[in-house]
> 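Take this structure, written in structure tokens, and hold onto it; I'll ask about it next.
Every chain is numbered from 1 and lettered A, B, ... according to where its sequence line falls, protein lines coming before strand lines. These numbers come from the heavy atoms of this one structure, side chains and all, not from hydrogens, waters or symmetry mates. Quantities reported herein were computed from a predicted structural model and do not represent experimental measurements.
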Number of protein chains: 2
Amino acid sequence: MARRRNARGHGDRLREELLDAAEELLAEAGDEREVTVRAVVEKVGVTPPSLYLHFDDKAALIREVVARRFGALAAATSTAASQHPDDPAAALRAGVRAYLGWARDNPGGYAVLFSTHRETQLLRPDGTGGSDAFDNLVERVRRCQEAGVARDGDPHLLATLIWSAEHGIATLSVARPHFPWPDVDHLIDELLQRVVGLPGRVSS
Amino acid sequence: MARRRNARGHGDRLREELLDAAEELLAEAGDEREVTVRAVVEKVGVTPPSLYLHFDDKAALIREVVARRFGALAAATSTAASQHPDDPAAALRAGVRAYLGWARDNPGGYAVLFSTHRETQLLRPDGTGGSDAFDNLVERVRRCQEAGVARDGDPHLLATLIWSAEHGIATLSVARPHFPWPDVDHLIDELLQRVVGLPGRVSS
DNA sequence: ACCTGAACACCGTTCAAGT
DNA sequence: ACCTGAACACCGTTCAAGT
């Protein structure tokens, strides 16, 4: 009814516009089921069938949006960790903080990343995608051990514990806002100190 | 179309039947959005408007089902922990194992408990409900400290770390089945040993 | 008091048709 | 090649009506 531009130029810019619109709606709503096909196409200014020229179905659209946000999360943690090239303990801590900071600032965006029944592997041939963020975490733990600032133990298992805890904090703090949460930075310090034996905060 | 019993007896047995049907559908589907109002009423044998005689809307129905399952989860952990009245370490470990065992056996049922935007507090006047399960966990940690089998530290903070980690493991192991998960019992032992200093498995 | 029939405004998706 | 109009089978919810 309130459509604006009917004739679109050539090319598949529409595809990007649909992804952008879906990403914005997701960030606003914070809930996947409010991101409706009809709302996405209306935001762009086309009719529902146009979406199916570029995506198999709604799930495929959401899947690509999720992949984008995974990239943003991985970039945020990597960037934060790389600020401390000569201090493995600070790098590990900065990565965890950036992870939880990103989840706090993108509550809806974080939740969908792990919504159930998204069995499709997000791994891309170019290596970017889902799980190399975890590999980076393993690597950061290993560097701490080599530098002697972390206790011994299987780095994969330690990273799994850290990842589980930070994911738990990220989701529960959104789902249970009335719970008496301790200060998140303090929680992270305690987690890292107790799980991998990281010394208390030293700098920054 | 395929309705069976049209005339229902008096009383609000229908209310219980609707709750039972919704709980079963949720367990089967493992996804909240597959639990549809129309599927629930058809399973019971009534028409959609009948549901609104007993519940304000679909959200109210789901909320009551969630409250039921919270009760079941709390009962499972409490029962497991109470098997070890004279061994605080075994009680703490048994509670965490029961929590993750319940989540494993009720993947759909566990996920909905913490689905986002369920802001309504589940606390009931009678005290049963949401968060006394957490209080029990705090208490189990405190008993370990008193018995000298756990390190010092704020029990509330330690319980928060344990809860976050077990919640993270519970949700991620469902959302990421292809991740190389270590043995869950081993993961729990490592978690409790590293976070609260619980000694390695002693019995049972 | 309790339940139904019929309708409302939505939703994802498809298909023939337009340019 | 790209987009629309119109329809399909769903959904949650409401309202008048039946007994």
> In whole angstrom, what separates B/Glu42's CD from C/dC3's P?
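Rounded to whole Å, this separation is 17 Å.
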
> List for me each residue that meets salt bridge (charged side-chain N to carboxylate O under 4.0 Å, His left out) alongside B/Arg69, sequence neighbours excluded, and say none if there are none.
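Once residues adjacent in sequence are excluded, the partners of B/Arg69 under the salt bridge (charged side-chain N to carboxylate O under 4.0 Å, His left out) criterion are B/Glu23.
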
> I'd like to check the salt bridge (charged side-chain N to carboxylate O under 4.0 Å, His left out) partners of A/Asp20; sequence neighbours left out, ordered by chain and number.
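In terms of salt bridge (charged side-chain N to carboxylate O under 4.0 Å, His left out), with neighbours along the sequence ignored, A/Asp20 is linked to A/Arg68.
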
> Which residues satisfy the salt bridge (charged side-chain N to carboxylate O under 4.0 Å, His left out) test with B/Arg142, sequence neighbours excluded?
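Testing B/Arg142 for salt bridge (charged side-chain N to carboxylate O under 4.0 Å, His left out), a comparison that skips the adjacent residues, returns B/Glu139.
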
> So do the side chains of B/Val35 and B/Leu61 get within less than 4.5 Å of each other, counting heavy atoms only?
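A side-chain contact is absent here, since even the closest heavy-atom pair is not under 4.5 Å.
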
> Under the rule for side chain to side chain contact (heavy atoms under 4.5 Å, CB included), what residues qualify as partners of B/Leu191, not counting sequence neighbours?
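Partners of B/Leu191 by the side chain to side chain contact (heavy atoms under 4.5 Å, CB included) criterion, ordered by chain and then number, come out as A/Leu161, B/Ala165, B/Val195.
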
> B/Leu14 has an atom CG; how far is it from atom C1' of C/dC3, in whole Å?
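Those two atoms, CG and C1', are 9 Å apart.
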
> Evaluate the ring planes of A/Phe179 and B/Trp163, with Trp represented by its six-membered ring, and classify them as parallel (under 30°), tilted (30 to 60°) or perpendicular (over 60°).
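Aromatic pair A/Phe179/B/Trp163 classed tilted.
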
> Can you name the atoms? Protein N/O to nucleotides 12-18 of chain C N/O, anything below 3.5 Å, with the distance.
{"unit_1": "C/dG12", "atom_1": "OP1", "unit_2": "A/Thr36", "atom_2": "OG1", "d": "2.9"}
{"unit_1": "C/dG12", "atom_1": "OP1", "unit_2": "A/Val37", "atom_2": "N", "d": "2.8"}
{"unit_1": "C/dG12", "atom_1": "OP1", "unit_2": "A/Lys58", "atom_2": "NZ", "d": "3.4"}
{"unit_1": "C/dG12", "atom_1": "OP2", "unit_2": "A/Thr36", "atom_2": "OG1", "d": "2.5"}
{"unit_1": "C/dG12", "atom_1": "OP2", "unit_2": "A/Val37", "atom_2": "N", "d": "3.0"}
{"unit_1": "C/dG12", "atom_1": "OP2", "unit_2": "A/Arg38", "atom_2": "N", "d": "3.3"}
{"unit_1": "C/dG12", "atom_1": "N7", "unit_2": "A/Arg38", "atom_2": "NH1", "d": "2.4"}
{"unit_1": "C/dG12", "atom_1": "O6", "unit_2": "A/Arg38", "atom_2": "NH1", "d": "3.2"}
{"unit_1": "C/dT13", "atom_1": "OP2", "unit_2": "A/Tyr52", "atom_2": "OH", "d": "2.7"}
{"unit_1": "C/dT13", "atom_1": "OP2", "unit_2": "A/Lys58", "atom_2": "N", "d": "2.9"}
{"unit_1": "C/dT13", "atom_1": "O5'", "unit_2": "A/Tyr52", "atom_2": "OH", "d": "3.1"}

> Is the phosphate of D/dT4, meaning OP1 or OP2, less than 4.0 Å from a side-chain N or O of A/Thr47?
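For A/Thr47, the contact criterion (side-chain N or O under 4.0 Å from OP1 or OP2 of D/dT4) is met.
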
> Using the side chain to side chain contact (heavy atoms under 4.5 Å, CB included) definition, which of the options B/Leu198, B/Leu158, B/Asp87 pairs with B/Cys144?
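Testing each of B/Leu198, B/Leu158, B/Asp87 against B/Cys144, the sole residue satisfying side chain to side chain contact (heavy atoms under 4.5 Å, CB included) is B/Leu198.
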
> Only Watson-Crick and G-U wobble pairs with both distances less than 3.5 Å should count. Give DNA chain C in dot-bracket notation, marking inter-strand partners with |.
||.|||||...|||||.||

> Is there side-chain contact between A/Glu32 and B/Arg33, with at least one heavy-atom pair below 4.5 Å?
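With C-beta onward as the side chain, the pair touches.
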
> Strictly below 4.0 Å: does A/His54 bring a side-chain N or O up to OP1 or OP2 of D/dC3?
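It does, given that an N or O in the side chain of A/His54 lies less than 4.0 Å from OP1 or OP2 of D/dC3.
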
> Could you give the CD-to-P distance, from B/Glu34 to D/dC11, as a whole number of Å?
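B/Glu34 atom CD is separated from D/dC11 atom P by 11 Å.
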
